[in-house]
Amino acid sequence: MSAVTTGVVPGQSRERGDARARAGDGEAAPLGPRARLLPALAAVYRAQLSRARVARIPLLFVATFQSVGIMILMRGVVDGGDAARAVVSGSSVLVVAFVALNLLAQYFGQLRAGGGLDHYATLPVPPAAVVLGAAGAYASFTVPGTAVTAVVGSVLFKLPLGHLWVLAAVIPLAGAALSGLGAALGLLAPRQELATLAGQLGMSAALLLGVLPASHMPMPVALARDLLPSTYGVEALARSFDAHPDWLLVAADLGVCAAVGVVSLAAATWAFRRAAVR
């Protein structure tokens, strides 16, 4: 009785033999196709989310307590009105700036300094998936802290809570703009220490220019405030505290956040490609 090997097709055997022959002749075997953007983005996002869950949650509590502490301090000098809305909205978006801008700049700066970019460069994933996945994971951790800060601030300054659903748009759009900026700072900084410094300076700018009322600022500082991406998220959230919000202005502020987010994430992707080939 003759034994027959199952699962082997003659054509496949010839192809495998040809591949082994090419490998023996020194010819490089063809690489597999690159992963598509969306599946690669989902994989990077899950990996970054799992990694950051342990390392970043304590820092998220720090960011939340920092913002709540600022509002408590400002409660002694601000009674209400536009100043109260500015304090609450600026403190809420500050949580996003702390995580998405400061921590992401430090992460990419450390990744570049430690040679971690070489690992991502060898993977068949688009650079945009790496940047967007990391930015999305870091921005996701800002959701509970931002919501808690906004609710506590609204109660503290006796602001209406009915329109806080605007946070569902403010957090991802402001997070995208600040995450792209933080990633670009971390990837373009020549040294890890400079990336950390740039992230902390950016967060300090979001604190000083976002929490303080714009009407109390001198003209040069007010112009600098308009250049900060988080300003438009702060303005959108502040307008939602009005008794009858101007939703067109809210949508315009969110539109600016979205546009800046696209530009900053594109710049971060370019910076990733530039840093990965060096």
Side-chain angles (χ1 to χ4, degrees), residues 52-80 83-110 135 137-159 161 164 166-167 170-179 181-183 185-186 193 195-214 216-217 221 224-225 228-238 240-241 257:
R53 184 178 297 132
V54 177
R56 301 307 180 191
I57 283 182
L59 294 176
L60 176 60
F61 282 111
V62 172
T64 305
F65 291 152
Q66 171 184 266
S67 294
V68 173
I70 289 172
M71 291 189 300
I72 293 174
L73 289 175
M74 295 297 292
R75 184 66 181 87
V77 295
V78 174
D79 293 331
R85 289 192 285 269
V87 169
V88 175
S89 57
S91 299
S92 301
V93 177
L94 180 61
V95 179
V96 182
F98 183 89
V99 177
L101 175 57
N102 184 25
L103 297 186
L104 202 58
Q106 295 182 31
Y107 169 71
F108 274 107
Q110 180 182 6
Y138 274 69
S140 297
F141 278 98
T142 67
V143 175
T146 305
V148 168
T149 303
V151 171
V152 171
S154 299
V155 173
L156 190 63
F157 287 91
K158 299 180 181 179
L159 298 176
L161 299 170
L164 282 184
V166 173
L167 286 173
V170 170
I171 293 175
L173 294 179
L178 294 172
S179 296
L181 180 59
L185 290 174
E193 295 80 3
T196 301
L197 177 61
Q200 291 178 349
L201 288 176
M203 188 198 67
S204 299
L207 167 61
L208 296 175
L209 302 179
V211 174
L212 299 178
H216 298 172
M217 296 181 181
V221 179
R225 181 178 184 270
L228 193 66
S230 60
T231 297
Y232 300 94
V234 172
E235 291 293 334
L237 182 57
S240 69
F241 289 121
C257 271

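- Closest approach of Ala84 and Val78 over heavy atoms only: N-CG1, 3.5 Å.
- Distance check, rounded to the nearest 0.5 Å: CD1 of Ile72 to CZ of Phe65 gives 10.5 Å.
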Contacts under 3.5 angstrom, residues 147-159 side chains, donor-acceptor by atom type, not counting sequence neighbours:
unit_1, atom_1, unit_2, atom_2, d
Thr149, OG1, Gly145, O, 2.8
Ser154, OG, Ala150, O, 2.7

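- Scanning both residues, Gly233 and Val170, for their nearest heavy atoms gives O-CG1, 3.8 Å.
- Here the rule is side chain to side chain contact (heavy atoms under 4.5 Å, CB included) with Thr146, and of Leu94, Leu167, Leu237 only Leu167 fits it.
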Check residues 201-210 and write down every donor-acceptor pair under 3.5 Å in which the side-chain atom is one partner and the other belongs to a residue at least two apart or another chain.
unit_1, atom_1, unit_2, atom_2, d
Ser204, OG, Gln200, O, 2.9

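- Between the CG atom in Asn102 and the OH atom in Tyr107 there is a gap of 15.5 Å [rounded to 0.5 Å].
- Shown here for Ser67 and Val95, the closest heavy-atom pair between the two residues is OG-CG2, 3.3 Å.
- For the pair Val166 and Ser240, the tightest heavy-atom approach, listed with the atom from each and the gap, is CG2-CB, 3.8 Å.
- Atom CD of Gln106 is separated from atom CG of Leu104 by 10.0 Å, given to the nearest 0.5 angstrom.
- Between the CG atom in Leu103 and the OG atom in Ser179 there is a gap of 10.0 Å [rounded to 0.5 Å].
- When all heavy atoms of Val93 and Ser230 are compared, the pair lying nearest together is CG1-CB, 3.8 Å.
- Annotation: salt bridge (charged side-chain N to carboxylate O under 4.0 Å, His left out) contacts involving residues 84-109, sequence neighbours excluded, comprise Asp82-Arg85, Arg85-Asp242.
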- request: Show your reasoning for whether side-chain contact (heavy atoms from CB on, under 4.5 Å) applies to Glu193 and Leu197.
  value: CA-CA 6 Å; Glu193 295 80 3; Leu197 177 61; over 6 Å; no

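- Among all heavy-atom pairs drawn from Ala238 and Ser89, the shortest one is CB-OG, 3.5 Å.
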